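Single-structure report; data block below.
Bear in mind the structure is a predicted one, so any value in this text is a computation, not a measurement. Hydrogens, waters and symmetry mates play no part in the numbers below; they use all other heavy atoms, side chains included.
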Amino acid sequence: MERADFFDQVYQVVRLIPKGRVTSYGAIANYLGAKGSSRMVGYAMNDAGKVSPQVPAHRVVNRQGLLTGKFHFGGDTMQQLLAEEGVLVENDQVVNFKNLYWDPNIELAL
DNA sequence: GTTCTGACGGTGC
DNA sequence: AGCACCGCCAGAA
């Protein structure tokens, strides 16, 4: 069995997020089949800064497109990283979120 | 071993 | 339309 731990699965998907795109915790959880356990996804992101390679958790936002975990990045790091990729963030919220939304269930077409 | 929290989401009121 | 509560699963105290 692959040690495809739930956390590891999350990292894989997040790393597949194309530059300039964002996704939601629920979308990832849903893709992993853990629909409803979106909290686990966010919790997994807690280790995103210690796993290798670093997981672009800055591309993962909540359903509202709000950078809920920006505080965990240590300030506005998350917002700046997104800005570097062309994702405008205003008021801790992704601009044109629905337009930049990247759904693994669709893009990865499982 | 038990209890609580946690970077969310959906439904109910 | 906005606010509140409950539910999912796993790790940490």
(message) What does the B/S/- profile of nucleotides 7-13 of chain B look like, 5' to 3', with a 4.0 Å heavy-atom cutoff to protein?
(response) BBSS---
(request) Could you grab the distance from atom CE of Met45(A) to atom OG1 of Thr68(A), nearest 0.5 Å is fine? (result) 11.0 Å
(request) Quick one: closest heavy-atom pair of Tyr101(A) and Ala27(A), and the distance? (result) OH-CB, 3.1 Å
(request) Might you confirm whether atom CD of Gln12(A) has over 12 heavy atoms from other residues, nucleotides or ligands at distances under 6.0 Å? (result) yes
(message) So which atom in Thr23(A) and which in Trp102(A) form the shortest heavy-atom distance, rounded to 0.1 Å?
(response) OG1-O, 2.7 Å
(message) I need the CE-C1' distance between Met40(A) and dA12(C), as an integer number of Å.
(response) 12 Å
(message) Does anything in residues 37-64 of chain A form a ring-ring contact (aromatic ring centres under 6.0 Å, His included)? List the pairs, not counting sequence neighbours.
(response) none
